[in-house]
There are 2 protein chains.
Amino acid sequence: MFADFFTLRWRNSANSCLLNDVSHISGVRQAQKQQSRRALMDAGLRLLEHQNLSSLGMREVTREAGMSPAGFYRHFRDLAELGVALVEESLASLHAMIRSALAEQGDAEARIDRTVEVIAGHVRDHRAHVRFLARERHGGVQPVREAIAAELRRFAEEVAGALGAQPVSEGWSPEDVRMLAELYVDHMVSTAAAFLDAGSEGSDESESERRIARTARTQLRLIGVGRVHWLDS
Amino acid sequence: MFADFFTLRWRNSANSCLLNDVSHISGVRQAQKQQSRRALMDAGLRLLEHQNLSSLGMREVTREAGMSPAGFYRHFRDLAELGVALVEESLASLHAMIRSALAEQGDAEARIDRTVEVIAGHVRDHRAHVRFLARERHGGVQPVREAIAAELRRFAEEVAGALGAQPVSEGWSPEDVRMLAELYVDHMVSTAAAFLDAGSEGSDESESERRIARTARTQLRLIGVGRVHWLDS
DNA sequence: CACTTGGGATGACAAGTGTTCGCTGACTTC
DNA sequence: GAAGTCAGCGAACACTTGTCATCCCAAGTG
């Protein structure tokens with residue numbers, strides 16, 4: 001069904017992935033395989049809403065995905081490998097969020113409002129991904145933890161770049177810009193996590209969500225005030 | 001079969017603690033029991049350095065503690081109950097840290113320095129506890145998660161009280177003091193977590209530790225600048 | 001068209017799990 | 001010192017788990 005697309009797409013790609021090497025066959029076959037892979041990842045993501053990666057069983061995942069236990073090995077060597085795949089996916093969507101937060105225009109106040117809105121929207125739309133990241137950021141699976149930490153560092157660099165270009169940051173040392181970026185990223189993560197368990201704790205969801213948004217905005221405003229008075233201190 | 005005992009035991013006591021009610025016997029007996037309880041908790045804490053609570057097995061714990069599987073039930077109903085006990089312990093030590101951070105004297109600069117030092121020292125001395133909190137804060141075991149969240153809220157209140165008493169906060173609305181307190185607590189947690197995996201990633205531990213301390217200090221200073229200029233904005 | 005390829009299903013394996021049971025022997029109380 | 005209490009033990013239970021050799025059959029190939 002996607003045959004032409006996939007062959008076109010994959011034929012001349014120097015494929016490094018051991019499993020899921022799919023470059024030499026083509027057509028319905030790998031479309032199905034990719035579909036099974038997606039089914040496994042979705043099943044995993046669904047199960048991970050109520051537990052964490054290291055307590056997940058592969059039988060559990062295959063059962064949820066409607067597949068036999070052995071089928072798992074055709075796609076992933078490990079559950080850790082599935083975890084890393086999920087990290088990549090989750091971080092891609094998070095990256096998109098950060099970009100759109102950075103791209104905001106207007107005065108400081110409007111940018112803050114839009115940023116917090118973007119975060120809230122992202123948590124609403126990608127709840128499973130965000131929860132997964134929050135859980136596994138300090139979780140028990142080392143490669144997953146490292147992947148998340150590395151990507152968050154890259155985000156901080158990106159934010160630092162954007163902040164450095166703003167007129168408010170004139171005269172700042174690179175280290176100071178960097179620490180400001182880290183502060184923003186940490187705050188973003190904290191806020192996202194707060195939105196997360198505001199939605200899942202039941203009782204008056206939208207009210208506590210508004211409360212979190214208000215707090216986050218005020219905090220960002222405070223940091224902003226610190227920024228404009230940073231050099232005269 | 002234990003009918004008579006239990007009815008006698010429970011009938012006229014407004015007893016809230018089912019297990020580990022130890023008030024009526026005395027001497028060597030309960031000292032031994034408490035010792036076993038400690039052994040279980042220590043074993044759990046040791047095992048939790050490389051995995052999270054929901055993937056922990058009780059057989060695993062009892063084995064590590066040098067005890068038979070059935071012995072576990074004399075102390076905890078669940079692994080979740082063990083988890084909650086560990087939360088209480090961990091939060092007690094964290095509470096002590098926060099108090100001593102709040103009690104700092106001197107000008108703002110000196111207080112920031114000492115605060116960051118206190119955090120670093122606490123992570124060094126209670127690594128297992130801190131890691132446990134970081135892991136289970138967003139982990140898969142609901143009661144544990146809630147216990148941590150509730151206590152962190154209480155900490156924020158305490159910090160808010162202390163901040164409100166400072167002369168810098170004159171004219172602030174209670175909500176703003178509160179959001180500032182939350183910002184501080186979040187920052188404290190983030191910093192502690194950063195110290196944590198600075199120590200465990202190997203390569204030049206004390207250098208990256210210093211880097212984190214420097215960043216944290218600068219961030220606190222920035223927030224402080226925001227504080228003093230908050231009202232004129 | 002026959003023929004190869006390779007996802008997926010099946011069934012079995014050992015090893016591990018949570019939980020319950022009755023028992024023992026050291027402590028406590030009368 | 002006899003009777004009562006109960007923390008911890010070892011065995012047994014009914015599972016679930018990861019892994020593998022094996023077979024099946026639709027998709028791809030010449």
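Only a predicted model underlies this, so the values are computations on that prediction, with no experimental measurement involved.
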Distances for protein N/O vs nucleotides 20-25 of chain D N/O pairs under 3.5 angstrom?
none

Worksheet item: Can you list, by residue number, the residues of residues 48-64 of chain B that have a non-hydrogen atom closer than 4.0 angstrom to DNA chain C?
Response: B:Gly57, B:Met58, B:Arg59, B:Arg63
Worksheet item: Excluding sequence neighbours, so at least two apart, what forms ring pair (Phe, Tyr, Trp, His ring centres under 6.0 Å) with A:Tyr184?
Response: none
Practice prompt. Starting from C1' on D:dA27, measure out to CD on A:Gln35 and report it in whole angstrom.
Written response: 15 Å
Worksheet entry | Nucleotide C:dA9, atom P - distance to NZ of A:Lys33 in whole Å | 14 Å
Worksheet item: Which whole-number value in Å describes the distance from B:Gln34 CD to C:dC27 P?
Response: 17 Å
Worksheet item: Hey, which of these two, B:Leu79 or A:Met67, hits DNA chain C nearer its 5' end, going by closest nucleotide?
Response: A:Met67
Worksheet, complete the sentence: Winner on side-chain proximity to B:Arg29, out of D:dG10, D:dT5, C:dA9, is D:dT5
Worksheet entry | Distance, rounded to the nearest Å, where A:Glu81 contributes CD and D:dT19 contributes P | 12 Å
Tell me which donor-acceptor pairs under 3.5 Å the side chains of residues 142-157 of chain B have, and how far apart each pair is, sequence neighbours excluded?
unit_1: B:Arg145; atom_1: NH1; unit_2: B:Gly139; atom_2: O; d: 2.9
unit_1: B:Glu151; atom_1: OE2; unit_2: B:Arg154; atom_2: NH1; d: 2.9

Practice prompt. Side-chain contact test, heavy atoms from C-beta onward, threshold under 4.5 Å: evaluate it for B:Arg137 versus B:Val189 and give yes or no.
Written response: yes
Worksheet item: Hey, are the side chains of B:Leu86 and B:Leu48 touching, using non-hydrogen atoms and a 4.5 Å cut-off?
Response: yes
Worksheet item: Under 4.0 Å: is that the gap between some side-chain N or O of B:Gln32 and OP1 or OP2 of C:dC27?
Response: yes
Practice prompt. Check the angle between the aromatic planes of A:His122 and A:His126 and answer parallel, tilted or perpendicular using the 30° and 60° thresholds.
Written response: parallel
Practice prompt. To the nearest Å, give me how far apart CD (B:Gln30) and C1' (C:dA26) are.
Written response: 15 Å
Practice prompt. Sequence neighbours left out, what passes salt bridge (charged side-chain N to carboxylate O under 4.0 Å, His left out) with B:Arg210? Give chain and number order.
Written response: B:Glu207
Fill in: Qualifying salt bridge (Lys or Arg N to Asp or Glu O under 4.0 Å) pairs, either residue in residues 40-62 of chain A, two or more places apart
A:Arg38-A:Asp42, A:Arg46-A:Glu64, A:Glu49-A:Arg131
Discussion item. Using a strict threshold of under 4.0 Å (side-chain N to carboxylate O), is an ion pair present between A:Arg214 and B:Glu175?
Written reply: no
Worksheet item: Between C:dG7 and A:His75, is there an OP1 or OP2 to side-chain N/O distance shorter than 4.0 Å?
Response: no
Discussion item. Against B:His75, only a single residue in B:Leu40, B:Leu82, B:Thr62 fulfils side chain to side chain contact (heavy atoms under 4.5 Å, CB included); can you say which?
Written reply: B:Leu40
Response to the item:
Atom CZ of A:Phe76 and atom C1' of D:dT19 are separated, to the nearest Å, by 18 Å
Item to complete: Mind calculating the distance between CG (A:Leu82) and P (D:dG18) to the nearest angstrom?
Response: 12 Å
